[in-house]
2 protein chains.
Amino acid sequence: MSKLYSPESAAIGVEQALRLLEGRWKLIILFHLFDGKVQRYSNFEKLIPEISQKMLAQQLRQLEADGIVSRMVYPQVPPKVEYRLTDWGQALCPALDAILKWAEKRKV
Amino acid sequence: MSKLYSPESAAIGVEQALRLLEGRWKLIILFHLFDGKVQRYSNFEKLIPEISQKMLAQQLRQLEADGIVSRMVYPQVPPKVEYRLTDWGQALCPALDAILKWAEKRKV
DNA sequence: CCGTATCCCGCTTGATACTG
DNA sequence: CAGTATCAAGCGGGATACGG
């Protein structure tokens, strides 16, 4: 943490934030957690059939590490794991909603 | 155009729309066109020093082909080319703004 | 000034198999 | 059910040089 922040640090923050959303599947995953929805691992596999297990696990781990998604493990057999948005992740909902609306305008 | 659209085409549309925004630099480029701003090629090179000419040109071409950015060439010497958002591209501004606000919340 | 062309590397992604 | 491990491939992306 020896690096000092310049007055332009806000702009840098945006680019850093964007990098957290990069990745072939992250936004798609987030759309399925939109609006407080809770998903299990196997749910995602059904919702996003094209994704491989590897990528699903990897992207979820990254989203978790970045504080966007929270992972809740129930210590039972068979295992049960739930994913939901963190508070900060919830703050993305307006953006997700705006992207949704934008996509719809394409058809017109 | 032989493919018929299923009732689920809306959901597919979102994923397709997301793919248009994929790429290391696209959203950063769009941020610099935010709110009706007009940029020249050389402007982008100053605004995004880390980007290579190849990637800048490539991402601009894709954004143009996808109908998000418009390219205006002034037939003069030396050449002058201006980039701005299309109408549909402008419709992305609320989303960009929401992402901006989201990024700012991280610091709290 | 505004790009292309070419070469090349490495990370992301995919396929498959295996496990607590 | 919810993941790892491993290997391989392809394309995104960087460096450099050249062109209208």
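Note on naming: letters A, B, ... go to the chains in the order of the sequence lines (proteins, then strands), and numbering restarts at 1 for each one.
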- Message: The side chain of B/Arg40 is closest to which nucleotide in this list: D/dA2, C/dG3, C/dC2?
- Response: C/dC2

- Task: Please state whether the phosphate of D/dA2, meaning OP1 or OP2, lies under 4.0 angstrom from any side-chain nitrogen or oxygen of A/Ser42.
- Result: yes

- Rounded interatomic separation in angstrom, taking CD from B/Glu22 and C1' from C/dT13: 12 Å

- Message: Given C/dT13, C/dC2, D/dG14, identify the nucleotide with an atom nearest to the side chain of A/Arg24.
- Response: C/dT13

- In whole angstrom, give the distance that lies between atom OH of A/Tyr74 and atom P of C/dG20. 25 Å

- Message: Distance criterion of 3.5 Å, no angle test: do you see the side chain of A/Lys54 paired donor-to-acceptor with the base of C/dT13?
- Response: yes

- The side chain of B/Pro79 lies closest to which of these nucleotides: C/dG3, C/dC2, D/dA2? C/dC2

- Message: Quick one, A/Val81 and A/Tyr74 - any side-chain contact, counting heavy atoms below 4.5 Å?
- Response: no

- Could you please name the option among D/dG3, C/dG3, C/dG20 that lies closest to any side-chain atom of A/Tyr83? D/dG3

- Would you mind reading off the distance between A/Glu50 atom CD and C/dT12 atom P, rounded to a whole angstrom? 21 Å

- Message: Just the rounded figure in Å: distance from C1' of C/dA5 to CD of B/Gln58.
- Response: 13 Å

- Message: Tell me whether A/Phe34 shares a hydrophobic cluster with A/Phe44, the cluster being built from Ile, Leu, Val, Met, Phe, Trp, Tyr side chains joined at under 4.5 Å.
- Response: yes

- So SG of A/Cys93 and CG of A/Leu33: to nearest 0.5 Å the spacing works out to 9.0 Å

- Message: Side chain of B/Pro78, heavy atoms from C-beta onward: which of D/dG3, C/dC1, D/dG14 has the nearest atom to it?
- Response: C/dC1

- Quick note, A/Lys80 side chain, CB onward, closest among D/dC7, D/dA2, D/dG13 is D/dA2

- C/dA5, D/dA17, C/dT13: which one has an atom nearest the side-chain heavy atoms of B/Gln53? D/dA17

- Query: Is the shortest distance from a Lys or Arg side-chain nitrogen in B/Arg84 or B/Glu82 to a carboxylate oxygen in the other one below 4.0 Å?
  - Reply: yes

- If you round to the nearest 0.5 Å, how far is CD1 of A/Ile28 from CG of A/Leu56? 11.5 Å

- Starting from P on C/dC1, measure out to CD on B/Glu45 and report it in whole angstrom. 9 Å

- Between CZ of B/Arg19 and P of D/dG12 the distance, given in whole Å, is 9 Å

- Whole-Å distance between C/dC2 P and B/Arg61 CZ? 11 Å

- Upstream residue (5' side of DNA chain D) when B/Ile51 and A/Asn43 are each assigned their closest nucleotide: A/Asn43

- Query: In whole angstroms, how far is the P atom of D/dG3 from the CD atom of A/Gln39?
  - Reply: 14 Å

- Query: How is A/Gln76 classified with respect to the nucleic acid when contacts are heavy atoms under 4.0 Å: base, sugar-phosphate, or nothing?
  - Reply: nothing

- Task: Output the single nucleotide from C/dC2, D/dG3, C/dG14 whose closest atom is nearest the side chain of A/Tyr41.
- Result: D/dG3

